[in-house]
Amino acid sequence: MKKVLVIGGAGYIGSHVVLELLDQNFEVVVLDNLSTGHKELVPKGVKLYVGDITNYDDLKEVFKTEKVDAVMDFAAKIVVPESVKEPLSYYHNNLEGVRLILEAMVEFGVKHLVFSSTAAVYGEPENGVCQEDDLKIPINPYGESKLAAENLIKWSSKAYDLDYVIFRYFNVAGADSRLRSGLISDKLTHIVPIITESMLGYRGPISVFGFDYPTPDGTCIRDYIHVTDLAIAHIEGLKYLLNGNKSAEINLGSNAGYSVLELVNEANTISKLSYTKGPRREGDPAVLIASNKRAKKLLNWEPTRNLKEIIKSDYEFRKTRKK
Ligand code: UFG
């Protein structure tokens, strides 16, 4: 049985990946500093090390104690406006943290890394559909810090004989169908949980940011993907490396997009949702969609859960966390 270290495994995406790894009979250990992660999201029986990737001693303790076959890293700071205010902490965590993870992998001879990255590395793609080899010109410190980490991983792979899969996420949402995990945060900024909180009466009508974009209904289009579909892709990525395939960078999306108004309409088929028309939010590209050709070709993966399941599962999860 292969043993996997999931860094950031107490967080939203990491915890869904842990569930999927266990379902597929991997042995799992988690390292998380619990800054945005939650102990309760780590399943019973999975060892949790509370520690920080920017502290080499914390990493060393895990790598020394657990002889892991692969590392999956989800531990990142991810809030775009915060990154503009605090670029130093974003680079410290998202770049220096990754440098130390690589250092530990080299010291302890761990050869496989599955790394979570973001569509933000592309910046503002010209036609809105991102291919993996497109130009990458990030427009904020968050995207820059993740791109710098990607590049460091690539250089390290050449120098130290490591292999990697870098996954670039688009709009991840939804919750585990058995409600074992979901997005928990006091500072929600993403549209799906804001919608479901409003549907549940935890907040008032949502504000739709901008009606004058060059899209059919004037609102922004995004590629929404269910967190469980995303988790499954990670296990495929891990197996791909364990089977000796060569390193790759892969978008995780659906090749299709929905506008904010389409989301609102879908939500209204589940429970009543009202909205107000707000101004544009700074830095939002009109359209952001992932080409998913490469994911299909290399991993034989594509998402299977639709927009309704994304909204419904988040709704059900949020209902269990009544405010
Ligand atoms: N939106 C609203 N009202 C809200 C919140 C969001 O209308 O209250 C709109 C946004 O303007 C945008 C869409 O809903 O058009 C989606 O916004 P999110 O904040 O949910 O997600 P983003 O597309 O901004 O963010 C995603 C990832 C980030 C990544 C970014 C890259 O979640 O991690 O794409 O551009 F950095």
Side-chain angles (χ1 to χ4, degrees), residues 8 11-14 36 74-84 87 90 93-94 115-126 128-130 134 136-147 149-150 167-174 183 185 187-199 202-227 230 251-254 256-267 273-290 307 310-311 314 318:
Y12 171 50
I13 295 175
T36 55
F74 302 90
K77 289 170 87 75
I78 60 160
V79 181
V80 171
E82 187 182 68
S83 78
V84 177
Y90 270 68
N93 189 88
N94 295 356
F115 181 68
S116 97
S117 189
T118 167
V121 301
Y122 294 110
E124 294 190 69
E126 248 169 47
V129 182
C130 302
D134 282 354
K136 291 163 201 76
I137 312 174
I139 55 170
N140 50 58
Y142 167 57
E144 283 279 12
S145 66
K146 294 298 284 187
L147 183 59
E150 285 192 12
F167 283 124
R168 299 197 186 109
Y169 307 161
F170 286 67
N171 290 66
V172 186
L183 178 62
S185 169
K187 295 186 279 181
L188 291 172
T189 62
H190 288 111
I191 185 75
V192 171
I194 284 177
I195 283 178
T196 57
E197 279 209 344
S198 175
M199 289 158 76
Y202 302 168
R203 63 169 75 213
I206 72 154
S207 170
V208 175
F209 297 154
F211 274 79
D212 57 350
Y213 286 97
T215 60
D217 64 21
T219 65
C220 287
I221 293 178
R222 295 286 182 276
D223 192 337
Y224 294 91
I225 162 169
H226 194 291
V227 64
L230 187 94
N251 287 339
L252 292 181
S254 70
Y258 292 96
S259 72
V260 180
L261 275 190
E262 285 175 313
L263 245 66
V264 170
N265 291 339
E266 191 63 59
L273 172 72
S274 313
Y275 69 88
T276 58
K277 291 188 176 188
R280 283 187 178 200
R281 185 175 68 180
E282 208 187 323
D284 277 344
V287 181
L288 202 57
I289 293 173
L307 191 60
I310 291 174
I311 298 173
D314 190 80
R318 226 149 285 291

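For ligands, and for the atoms within them, numbers begin at 1 and follow the listed sequence.
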Test side-chain hydrogen bond (donor to acceptor under 3.5 Å, both in side chains) applied to Arg222 - qualifying residues, sequence neighbours left out: none
Kindly indicate whether the side chain of Val192, heavy atoms from C-beta on, has any atom under 4.5 Å from the side chain of Arg318. no
Less than 4.5 Å apart, any side-chain heavy atom of Ile289 and any of Phe170? no
Output for ligand 1, non-hydrogen cut-off under 4.0 Å, lists Val80, Thr118, Ala120, Tyr142, Asn171, Thr189, His190, Ile191, Ile194, Ser207, Val208, Phe209, Cys220, Arg222, Tyr224, Val260, Arg281, Asp284, Leu288
Which distance, rounded to the nearest 0.5 Å, do you find between the OG of Ser83 and the CG of Asn94? 9.0 Å
So, for Ile195 and Ala267, which heavy atoms are closest and what is the spacing to 0.1 Å? CG2-CB, 3.7 Å
For the residue pair Lys277 and Phe211, would you count it as a cation-pi contact if the rule is NZ or CZ under 6.0 angstrom from the ring centre and within 45 degrees of the ring axis? yes
